[in-house]
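Order of the sequence lines fixes the chain letters, A, B, ..., with proteins taken first and strands second; residue numbering starts at 1 for each chain. When reading the values below, keep in mind they use all heavy atoms of this one structure, side chains included, and skip hydrogens, waters and symmetry mates.
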There are 2 protein chains.
Amino acid sequence: MARTVGSVGTKTFDEVRKAALYLFARHGYASVSMRQIAARVGVQAGAIYNHFPNKQALLSDLLTQHMRELIEACEARPTSKLPLNALEQFVRFHIRYHIDRADEVFIAYMELRNLEPENFREVQVLRQRYERVLRDILRDGAKAGAFEISDAPVAGMAIIAMLTGVNTWFRYGGRLSVSQIEEIYVKMVMQSVGVFEPTALLGALMEENA
Amino acid sequence: MARTVGSVGTKTFDEVRKAALYLFARHGYASVSMRQIAARVGVQAGAIYNHFPNKQALLSDLLTQHMRELIEACEARPTSKLPLNALEQFVRFHIRYHIDRADEVFIAYMELRNLEPENFREVQVLRQRYERVLRDILRDGAKAGAFEISDAPVAGMAIIAMLTGVNTWFRYGGRLSVSQIEEIYVKMVMQSVGVFEPTALLGALMEENA
DNA sequence: GTCTATAGATGGATAGAC
DNA sequence: GTCTATCCATCTATAGAC
């Protein structure tokens, strides 16, 4: 879908993608002009049309490519057969990836509205494929009695939203390192599905009897 | 800030807000023209300028007004002194409110980028005031030993993100009622901070010893 | 307070030279 | 493959009649 004309692996092609990613993430697709993107690359606006047929195709390429890479990386993550460990591995992967690819993740959520129907559907299919990975872990874990959850689909959406939220507040150089943040989220997610360390028990029981 | 000219409580003023809210939520601020808003109200574009000085003021009014009403409603919610109950009450309030005001919530997150610096700051201050309510509940609860959390600020952001996420997938007429969804989120949030029902314990211990 | 009409700017996209 | 030049649509915002 991406390389439309005779431009395969051109330097400009990649630079246009990168500039568009940067600008879309900061100002939004609709607020960014082709001239701005071109200026950031150092070419004239007309030159972009040698690599993308129009602005919409540029956005669509960014989003579908992002989803494909996310799924590919997800499938390459370490996985355990034990639901408890599989969930922890998923959480670590998701947090890391969503911190590493902040701009891609951001526009993949914010710019869905600006995709034309066909492009929208393509991204949605990929997104659902990704979300299904977590839902299956939850379903299998619940069936095996490893998790205490009321509803696997909702739990999946809730966990994804919780984790992806890191994208909105995390900045490098803040109070916490990426590793620390990862640990905090792992613990919260595990607890949210009913997996906890013994120490957690005491406080709750004390509260219960207060 | 809102009523700029001599228009206090005009019918058109409210209808313009309503139309803009609807259109911004569906297509995005930058993609919606003053003409479209006017057409939805049934007036000409120029008429909008009798109520708002420009498009930016219209967006800003929608977002700050939403944040003010959110905070007002939040302060009017039932509250317990017991951290465990206070958290549950906050969760119920947040879920209900974010389902009831789906469009307002949506643009309050999506259109922040399109606010000019001063308007952006105003909304951010209000948002932080709201988020602080949850953070204080978590901090107090952790201090009292009611919650098992590693970091109150991150836990707060994680919970807010988890709950607000309902906005992206919930549709009336779906598989679950609002009440059912509320219960699922209450349970997940309580568990995420280490508060759980006894039954949850067994599964985890079994998994631990598997 | 709303209308019509329009100024003035900027947008996406194309044509044709090099 | 990039440039310059430009078409044409559309946008925000204003002016002045009613």
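- In terms of phosphate contacts, T12(A) brings no side-chain nitrogen or oxygen within less than 4.0 Å of OP1 or OP2 of dG1(D).
- Here the side chain of S33(B) is nearest to one of dT12(D), dA13(C), dG1(D), namely dT12(D).
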Test salt bridge (Lys or Arg N to Asp or Glu O under 4.0 Å) applied to D136(A) and R132(A), step by step: CA-CA 6 Å; D136(A) 286 350; R132(A) 198 200 158 116; 3.3 Å; yes
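- Under 4.0 Å is where a charged nitrogen must lie from a carboxylate oxygen, and between E72(B) and R77(B) no such pair does.
- You'll find that the side chain of Q44(A) is closest to dT4(D), out of dT4(D), dG11(C), dT14(C).
- F52(A) has its CZ atom 18 Å from the C1' atom of dT14(C), to the nearest Å.
- Look at NZ on K55(B): it is 15 Å from P on dT10(D), rounded to the nearest Å.
- Distance L59(B) CG to dC11(D) C1': 17 Å, rounded to the nearest Å.
- For the pair Y29(B) OH and dC11(D) P, the interatomic distance rounds to 14 Å; values are reported in whole Å.
- A salt bridge does not link E122(B) to R127(B): none of the charged side-chain nitrogens sits closer than 4.0 Å to a carboxylate oxygen.
- Atom CZ of R35(A) and atom P of dG12(C) are 7 Å apart (whole Å).
- Residue Y49(B) has its side chain nearest to dA13(D) when only dC3(C), dA13(C), dA13(D) are considered.
- Distance CE (M34(B)) to P (dG11(C)): 18 Å, rounded to an integer number of Å.
- Nucleotide dA9(D) holds its P atom 18 Å from the CG atom of N54(A), rounded to whole Å.
- Around the CZ atom of R26(B), the shell of radius 6.0 Å holds more than 12 heavy atoms that belong to other residues, nucleotides or ligands.
- If you take CD of E116(B) and C1' of dT12(D), they are 13 Å apart, rounded to a whole angstrom.
- In this structure, R113(A) pairs ionically with E111(B), as a charged nitrogen and a carboxylate oxygen lie closer than 4.0 Å.
- At the heavy-atom level, V41(B) lies nowhere under 4.0 Å from the strands shown.
- Map S31(A) and G42(B) each onto its nearest nucleotide of DNA chain C; the residue landing nearer the 5' end is G42(B).
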